[in-house]
Structure formats: C-alpha cells, structure tokens
Amino acid sequence: MSVEPGRFDVDAVDAVVLDIEGTTSATGFVVDVLYPYARARFGALLAARGAEPEVARAVAQVRAEAGEPDADAARVEEILGRWVDEDRKATPLKTLQGILWAEGFARGDLVSHFYPDVIEVLRRWHADGVRLYVYSSGSVAAQRAWFAHSPEGDLLGLVSGLYDTENAGPKQEADSYRKIASSTGVAPERLLFLSDRPGELDAARAAGWRAVGVRRAGEPYADADFGDHPVVADLEQFMTGTTAVTSVSAVTAADLEEAGAVLAAEAARFASFGWMRGTSGNLSLVLSRDPLRLAVTASGRDKGELTSSDVVLTDGAGAAVGPGRPSAEAALHARVARLTGAGAVVHVHTVASVVMGQRSPEGLVFEGLEMLKGLGHPTHEVSVTLPVIANSQDMTVLGDRLEAALAPGMPAVVVAGHGIYVWGADAREARHRAEVVEWLLELELARR
Ligand SMILES: CSCCC(=O)C(=O)COP(=O)(O)O
Ligand SMILES: [Zn+2]
C-alpha cells in the first residue's frame with residue numbers, strides 16, 4: 001500500500017517512534033563506519049576498563065550468551081568480532097559499541113548520518129507538538145550520541161525518550177511496543193512507528209499502534225514485502241502525502257447498523273444450528289483498519305434474536321467507542337483481527353469443540369480430507385493442526401495463548417471447555433470456515 005496525496009495531520013497521532021538504521025539513517029553508514037570503529041577498539045576497552053560496572057556487566061552477558069563463563073578478555077573480544085560479522089543484535093555487543101561510539105562522537109571522530117529529508121521533518125513535527133521517540137536496536141547510549149552529533153548539531157532536544165532492546169525488549173515482539181506505550185503514557189492508537197522492517201511493523205501493529213514502513217532505495221529491506229502496511233519512500237512524504245496516519249476512515253452510524261444487520265443474520269443462522277444457544281457466542285466485523293474499529297455483538301443478548309442495533313463499535317483493543325456494552329470477548333476478536341488481518345471473527349459454543357478440546361488438549365491434526373479445501377487448501381493432501389488453548393476469563397491471557405498457538409493453514413482455534421474462534425476475510429468466509437472446522441470436529445468426535 002502506498003501513500004496518497006494529502007497532508008500529514010498532526011492531530012492523528014500524539015507521538016512518532018523512530019527506528020534509526022534504514023529509516024532515519026543509512027544502514028551502510030553503521031556497517032561501513034561505526035562497526036569498524038568499535039571493532040578496532042574492543043580490545044583496548046576490555047583491557048583498560050573491564051572493571052567499570054557497565055563494561056563488566058556487558059562482558060558477563062557476552063560470556064553467558066556465548067555459553068563460555070570462563071572466557072578471558074581476548075576470547076570476549078573474539079566473540080564480539082564474530083557477532084559483528086554475523087550482524088547479531090546481541091544486547092552486550094550493542095552496549096559496548098554504544099560506549100565506544102558515544103566517546104567517538106564526543107571526541108569529534110564521528111558525525112552521525114541522517115537522510116536529507118529527515119531532520120527538517122523531525123523539526124516540523126516537534127514544532128507541531130508531536131512527541132518524538134527513538135526505538136532502535138542500537139543501545140540508548142549510541143542513540144543519544146547519534147542524535148547529539150548529527151550533521152546539523154545536537155538534535156536531542158527534539159526527542160522525548162530513547163528505547164532499545166534492553167529497556168523495551170526485542171523489536172519484533174508486540175510486548176516491547178506495549179512496554180513503550182505504557183512508558184510514554186501515549187495511547188497505542190495515538191502512537192506511530194516508522195521502520196524499514198516489516199516484522200517490526202507487524203509487532204507494533206499487534207500492540208495496537210499505527211505503523212508505516214519506510215522503504216528507501218538501497219537499504220537491505222527495500223525489496224521486502226510490507227503486506228498491507230502503508231509505505232513511504234522518505235519522511236518528506238508525510239508532509240506532501242497522506243498515509244494511513246491521516247486516513248482515519250470515519251465509521252458512520254449507518255456503517256454500524258449495516259454491520260449489525262449482517263451479524264444478526266449470521267447469528268440467527270448459527271443459533272439455528274444450536275451453536276449459539278442462549279446468550280452464548282459472539283461475532284464481529286472489522287469496519288476500519290486504521291484506526292482499527294470493529295462492530296461486535298452486544299454482550300448478554302439472546303444470539304438467536306439479535307437485531308441490527310444489537311452491535312457495539314469498539315476500538316482496536318475491543319473497548320467500546322460508542323454506546324452499549326460489547327461482548328465480554330470483544331478484546332479477543334480485536335486481537336484476532338490485529339494478528340491475522342481477518343475482516344470477520346466468529347465465536348460459537350459447539351458441543352464437538354468442547355468434547356474434542358478436552359480429549360485433545362495438544363491440538364487435533366487433520367489430513368487427507370477433501371473438506372480441508374474449504375479452508376483454502378488446494379488439495380486434500382495436506383496436514384493441518386487445529387490448536388487447542390486453555391480457557392481464561394482474562395482476554396489478554398486468552399489472546400496471548402491464541403497468538404502463541406496460531407497454526408499455519410488453520411484460521412481457527414479451539415478454546416478448551418468453551419468453544420471455537422474462526423476467522424475469515426468477511427462474514428461469509430468466516431462462516432464457511434466455521435462450518436468446515438465444526439465439521440472436522442464432529443468427524444473426530446464420531447471417529448473416537
Ligand atoms: C453462556 S455464554 C458465557 C459467555 C460467553 O462465553 C459468550 O460467548 C457470550 O458472551 P457475550 O458477552 O458475547 O454475550
Ligand atoms: Zn464464549
């Protein structure tokens with residue numbers, strides 16, 4: 001997805017979090033200038049300053065990570081050199097590089113690199129009241145030095161906070177972004193992450209952030225598949241073009257009512273199968289991707305008697321953003337929509353899913369069945385696993401379990417003692433898949 005003409009609306013976000021390598025700055029500069037600079041100085045640092053607490057802690061981490069508790073300074077230097085060659089994102093390596101680079105910058109040996117479009121845009125965002133943060137795999141010390149010693153002087157005044165893999169965690173894990181959001185105090189949907197790496201954008205989005213890819217010619221990820229993430233070629237495009245940051249598609253009352261009518265019809269059908277008895281089960285439709293907005297069935301209603309108004313608009317975390325109380329499981333629907341990109345999620349309480357979930361807590365494997373083509377497989381000659389996760393009343397816990405259990409080629413998960421979650425591109429596809437998954441479960445039930 002590319003950006004369209006327009007102008008960046010600073011009201012759409014409260015803060016922008018920036019990756020450095022490949023995003024604000026050339027990876028080549030880091031590889032060609034900074035890595036050799038630090039590598040040439042590891043030996044002297046370890047020999048002369050090995051007792052300094054930060055250096056000693058990093059050395060201990062190197063020994064632990066390499067599984068060599070007795071490695072002497074020469075061996076530690078060797079390991080660090082190998083990690084540099086492998087471009088390994090090891091925290092102690094980053095710490096030691098950070099120390100050396102900070103000193104190199106302070107001495108004037110080094111001046112950092114920023115692409116020509118970046119500094120002006122950062123100044124304009126800052127002037128417009130958008131807070132700026134950095135989240136880079138380079139250590140906080142290295143980031144501080146980087147911004148303090150730019151070609152245009154000290155830029156640290158533009159930046160409200162610095163995050164690295166030590167104080168926030170790995171860059172491809174959603175929890176790191178949750179940690180940063182909570183540390184900044186900015187709501188996830190008001191945070192925008194810019195990175196050249198699709199995996200990082202996925203993780204930010206999974207934490208409920210906005211995420212935009214920066215695809216710069218010549219960078220290592222320039223040809224990567226950014227999926228449905230909006231992409232810019234440089235930051236200037238935020239000034240001359242609009243991205244998903246600005247394209248907040250307003251969901252109207254009519255959109256919600258229309259979705260309510262679809263969900264009511266789907267629920268009536270599932271209820272007629274006996275899959276939504278009483279108030280059990282819930283359904284959702286994605287109405288907008290950026291920001292994520294879902295229409296979720298209202299909680300506690302008789303699911304066989306829903307009307308088009310028995311629906312609640314929620315945000316990307318499943319919290320109501322309009323009147324009404326959404327399903328108690330709305331947060332799980334939102335999580336599935338974020339994780340899988342699904343446009344519709346079905347949750348039903350079927351007898352077969354409860355029995356089979358209890359009999360096969362390790363999951364169920366299906367193979368050689370024509371019905372598997374109903375899940376999008378081109379042939380019956382496949383083997384797919386239907387994961388089973390333990391139930392919980394805590395939707396974050398349940399969501400974590402679902403995320404960890406997701407299986408390729410299976411758009412569904414059984415929640416033990418509870419029911420099934422199934423998803424698809426739209427209500428129709430999600431329904432077809434739910435019917436297939438339930439058929440597979442009934443087959444297993446009949447077999448055993
Ligand atoms: C007897 S249903 C118990 C709650 C449940 O699991 C469910 O699916 C329905 O909850 P909702 O809040 O969506 O009505
Ligand atoms: Zn349920």
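Note that the structure is a prediction, hence the values are computed from the model and not measured. One-based numbering, in listed order, for ligands and for the atoms of each.
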A.B. asks: Do Tyr115 and Glu219 meet the criterion of a side-chain donor-acceptor pair at a distance under 3.5 Å?
C.D. replies: yes
A.B. asks: In terms of atom number and element, which parts of ligand 1 are under 4.0 angstrom from non-hydrogen atoms of Ser327?
C.D. replies: 11 (P), 12 (O), 13 (O)
A.B. asks: I need the atoms of ligand 1 closer than 4.0 Å to a non-hydrogen atom of His347, numbered in the order shown.
C.D. replies: 8 (O)
A.B. asks: Going by the order shown, which atoms of ligand 1 are within less than 4.0 Å of some heavy atom of His418?
C.D. replies: 6 (O)
A.B. asks: Indicate yes or no: does an N/O atom of Gly300 lie under 3.5 Å from an N/O atom of ligand 1?
C.D. replies: yes
A.B. asks: Between Arg301, Glu329, Gln393, His333, flag the one that comes closest to atom 6 (O) of ligand 1 by a heavy atom.
C.D. replies: Glu329
A.B. asks: Given Arg216, which of Asp117, Asp196, Asp234 fulfils the salt bridge (Lys or Arg N to Asp or Glu O under 4.0 Å) condition?
C.D. replies: Asp117
A.B. asks: NE2 (His347) to the Zn ion (ligand 2) to NE2 (His349): angle, nearest 10 degrees?
C.D. replies: 90°
A.B. asks: Between the side chain of Arg277 and the main-chain N/O of Gly274, is any donor-acceptor distance below 3.5 Å?
C.D. replies: yes
A.B. asks: Of all the atoms in ligand 1, which lie at a distance below 4.0 Å from a heavy atom belonging to Gly281?
C.D. replies: 7 (C), 8 (O), 9 (C), 13 (O)
A.B. asks: Among all protein heavy atoms in this structure, tell me which lies nearest to atom 1 (C) of ligand 1, with the distance rounded to 0.1 Å.
C.D. replies: Thr279 OG1, 3.9 Å
A.B. asks: Indicate yes or no: does an N/O atom of His349 lie under 3.5 Å from an N/O atom of ligand 1?
C.D. replies: yes
A.B. asks: So, is the end of the Lys171 side chain (NZ or CZ) under 6.0 Å from the ring centre of Tyr135 and within 45° of the ring's axis?
C.D. replies: yes
A.B. asks: Looking at Thr95 and Thr91, would you say the former's side chain and the latter's main chain have a donor-acceptor pair under 3.5 Å?
C.D. replies: yes
A.B. asks: Rounded to the nearest 0.5 Å, what separates atom CG in Leu406 from atom OG1 in Thr385?
C.D. replies: 12.5 Å
A.B. asks: Which residue and atom name correspond to the protein heavy atom nearest atom 2 (S) of ligand 1, and how close is it?
C.D. replies: Ser280 CA, 3.6 Å
A.B. asks: Say whether Lys303, considering both its backbone and side-chain N or O atoms, lies within less than 3.5 Å of an N or O atom on ligand 1.
C.D. replies: yes
A.B. asks: In Glu329, the N, O or S atom nearest to the Zn ion (ligand 2) is which?
C.D. replies: OE2
A.B. asks: Nearest to atom 12 (O) of ligand 1, what protein heavy atom do you find, and at what distance?
C.D. replies: Ser299 OG, 2.6 Å
A.B. asks: State the atoms of ligand 1, each with its element, that fall below the 4.0 Å cut-off from a heavy-atom position in Asn282.
C.D. replies: 7 (C), 8 (O), 9 (C), 10 (O), 11 (P), 13 (O)
A.B. asks: Indicate, with yes or no, if the rings of Phe147 and Phe114 have centres closer together than 6.0 Å.
C.D. replies: yes
A.B. asks: Once the angle between the rings of Phe238 and Trp125 is folded into 0 to 90°, is it parallel (under 30°), tilted (30 to 60°) or perpendicular (over 60°)?
C.D. replies: perpendicular
A.B. asks: Counting only nitrogen or oxygen atoms and a 3.5 angstrom limit, does Ala328 reach ligand 1?
C.D. replies: yes
A.B. asks: Just by distance, do the side chain of Ser160 and the backbone of Tyr133 share a donor-acceptor pair under 3.5 Å?
C.D. replies: no
A.B. asks: Can a donor-acceptor pair be found between the side chains of Trp146 and Ser25 at a distance below 3.5 Å?
C.D. replies: yes
